[in-house]
Amino acid sequence: MRLSRYFLPVLKETPAEAQIVSHQLMLRAGMIQQLAAGIYSWLPLGYAVLRKVEAIVHEEMQRAGAIPILMPTIQPADLWIESGRINDYGKEMLRIQDRHDRSMLYGPTNEENVTDIFRRHVRSFKQLPLNLYHIQWKFRDEVRPRFGVMRGREFLMKDAYSFDLDAAGAETSYDAMFLAYLRTFRRMGLTAIPMQADTGPIGGKLSHEFQILAKTGESEVHFDAAFEAIDFSADDLSVAELKALYAAADDKHDPAACPVPAERLRSGRGIEVGHIFYFGTRYSAPMGATVIGPDGATQPVHMGSYGIGVSRLVGALIEANHDEKGIIWPEAVAPFKVGIVDLRPDDELSHGLAEQLYDRLQRAGVEVLFDERDERAGAKFATMELIGLPWTVTVGPRGAKEGKVELKSRASGETAELDPDALVQRLAG
RNA sequence: CGGGGCGUAGCGCAGCCUGGUAGCGCAUCUGCUUUGGGAGCAGAGGGUCGGGUGUUCGAAUCACCCCGCCCCGACCA
């Protein structure tokens, strides 16, 4: 992508309304644009990151056996009356009347919706286990939206729903999601600690929320220091072991009853990026989502639901990866892998080399943002640092004479002088 | 939902207290010079001062009502 042809409205100054660093940087880097309180448009750079995050979530869900579907944003209120949940969400739920005066709502979640799909088509235990998920926009009319996409009213969420014959099966499904979550966050370079949690309006008895540690987190969290020793990227992570370790957000944490000795207890702030629930027959029973078991008896299925705040993750990623100059994207979610700073577009030799590298990198399948604007070096470097691409290639007359360009890592700041072949090889790898 | 604050050019702000029809920096456009860390000079464009009502000869400025946004607290992917 040529920057001169892209749409990247960066800001030099920090908009007054943004309080936390991720919100400030998302606005300054031209990723989002606020339309109303808690409602944002995603501009090209922000949308590119959102799609990267989405893609990882899709891959890990499917790896864990979940099947993608797409349910609507608008639902009939009838379904929620049937589940008995119509009033549980209170004013958080946006209600709408359609032209026939039928009561509709903008879905804050889709348990009823998916349970309805299930009950219409599944009859036998032989079709279980089943896990259906989608990534769809939700609306929760928060009393006080804030912190940009971290607490928006409209937000993109991945929600998966598992169906099993019995509690034991449901727990297996739960554990599979538990593991998939750890892997998902890990792939984005984030360590999320699973914590015991309340079930809220979703209902149920077993629940964990996944919290990323960050100074600007919304909730106070407490956890066993043993978590610090765990390698979350290990292939043989044990869900049972992780579940046994103590970790809880403030609301669940009782210092008097805490099983962890004080010297082993760690406290910090956390950003909740995922939340999983096992709620048994909470929806299947009232809504008649049943199967015939091996014994010939009809019984309600055991369900769980599993959410990841996809749009919130974009903010959380920035909270976890930035410095005073801007964002530092982990490669897995970067909007572009490389930025080329064409220092002197008016210099034939230097500009020619930059063009050539742009072309070669693109053909090697590398996502490149090519800054060939007629701007000063300082402005270009500042833009690159702000938007945080993992790699910057600087091409100027000085190096071009020697046939060299500079490669710089945004994360480490390390630089290397390379010739074009070595550069392409290194970045294409 | 309780408490507080703000709304003046695309962004950041001043002007308001003490009424006299709007200003600064950045950004934008044109020209020239410049070009390895957010350039310089010269010129130009851009505002129903959030909206309404009232007071007044006269309202960005005073009063009242409404709307929007932000912050603190109680609640949540």
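Naming convention: chains lettered A, B, ... in sequence-line order (proteins, then strands); numbering from 1 in each chain. FYI, side chains are in, hydrogens and waters are out, and symmetry mates aren't considered; it's all heavy atoms of this structure.
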Tell me the interatomic distance from [X], atom [atom1], to [N], atom [atom2], rounded to whole angstroms.
X	N	atom1	atom2	answer
A/Glu218	B/G73	CD	C1'	13 Å
A/Glu375	B/U28	CD	C1'	12 Å
A/Lys408	B/G36	NZ	P	16 Å
A/Arg373	B/U28	CZ	P	10 Å
A/Phe147	B/C75	CZ	P	15 Å
A/His208	B/A77	NE2	P	15 Å
A/Glu142	B/C69	CD	P	14 Å
A/Ile387	B/G38	CD1	P	18 Å

Base, sugar-phosphate, or nothing: which does [X] touch, judged by heavy atoms less than 4.0 Å apart?
X	answer
A/Asp159	nothing
A/Arg28	base
A/Ala382	base
A/Gly315	nothing
A/Glu209	nothing
A/Gln136	nothing
A/Lys91	sugar-phosphate
A/Pro108	nothing
A/Gly274	sugar-phosphate
A/Gln19	sugar-phosphate
A/Ala18	nothing
A/Thr394	base
A/Val273	sugar-phosphate

Sort and list the pairs that fulfil side-chain hydrogen bond (donor to acceptor under 3.5 Å, both in side chains) and have at least one residue in [range], not counting sequence neighbours.
range	answer
residues 41-51 of chain A	none
residues 329-342 of chain A	A/Glu331-A/Trp391, A/Asp342-A/His351
residues 397-406 of chain A	none

(message) The criterion is salt bridge (charged side-chain N to carboxylate O under 4.0 Å, His left out); which residues satisfy it with A/Arg99, sequence neighbours excluded?
(response)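 Here no residue qualifies.
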Give the nucleotide from the list [options] with an atom nearest to the side chain of [X].
X	options	answer
A/Arg146	B/G38, B/G12, B/C75	B/C75
A/Glu406	B/G36, B/C11, B/C26	B/G36
A/Arg376	B/C26, B/C70, B/U34	B/U34
A/Phe277	B/C26, B/G37, B/A77	B/A77
A/Glu272	B/G12, B/G37, B/A77	B/A77

Lys/Arg N to Asp/Glu carboxylate O, [X] vs [Y], below 4.0 Å:
X	Y	answer
A/Lys408	A/Glu414	no
A/Arg153	A/Glu92	no
A/Arg119	A/Glu82	yes

(request) Give the ring-plane orientation class for A/Phe118 versus A/Phe163, where under 30° counts as parallel, over 60° as perpendicular and anything between as tilted. (result)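 It falls in the parallel class, under 30°.
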(request) Scan every strand shown for a Watson-Crick or G-U wobble partner of B/A9, both distances under 3.5 Å, and answer none if you come up empty. (result)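 Here B/A9 is not engaged in any pair, so there is no nucleotide opposite it.
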(request) For nucleotides 2-10 of chain B, just jot down a letter per nucleotide in 5' to 3' order: B, S or -, based on protein non-hydrogen atoms under 4.0 Å. (result) ---------
(message) I'd like to check the side chain to side chain donor-acceptor pair (under 3.5 Å) partners of A/Gln75; sequence neighbours left out, ordered by chain and number.
(response)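 For A/Gln75, the residues satisfying side chain to side chain donor-acceptor pair (under 3.5 Å) (neighbours in sequence not counted) are A/Trp80.
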If the [atom1] atom of [N] is compared with that of [M], how far apart are they to the nearest Å?
N	M	atom1	answer
B/C49	B/G15	C1'	11 Å
B/G4	B/U8	P	22 Å
B/A14	B/C6	C1'	15 Å

(request) Evaluate the salt bridge (charged side-chain N to carboxylate O under 4.0 Å, His left out) criterion for residues A/Asp78 and A/Arg102: first the C-alpha distance (whole Å), next the side-chain angles of each, then the deciding distance (0.1 Å), finally the verdict. (result) CA-CA 9 Å; A/Asp78 292 355; A/Arg102 193 170 182 212; 3.5 Å; yes
(message) Taking 5.5 Å and 30° as the limits, would you call A/Phe155 and the base of B/A77 a stacked pair?
(response)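 So A/Phe155 counts as stacking on the base.
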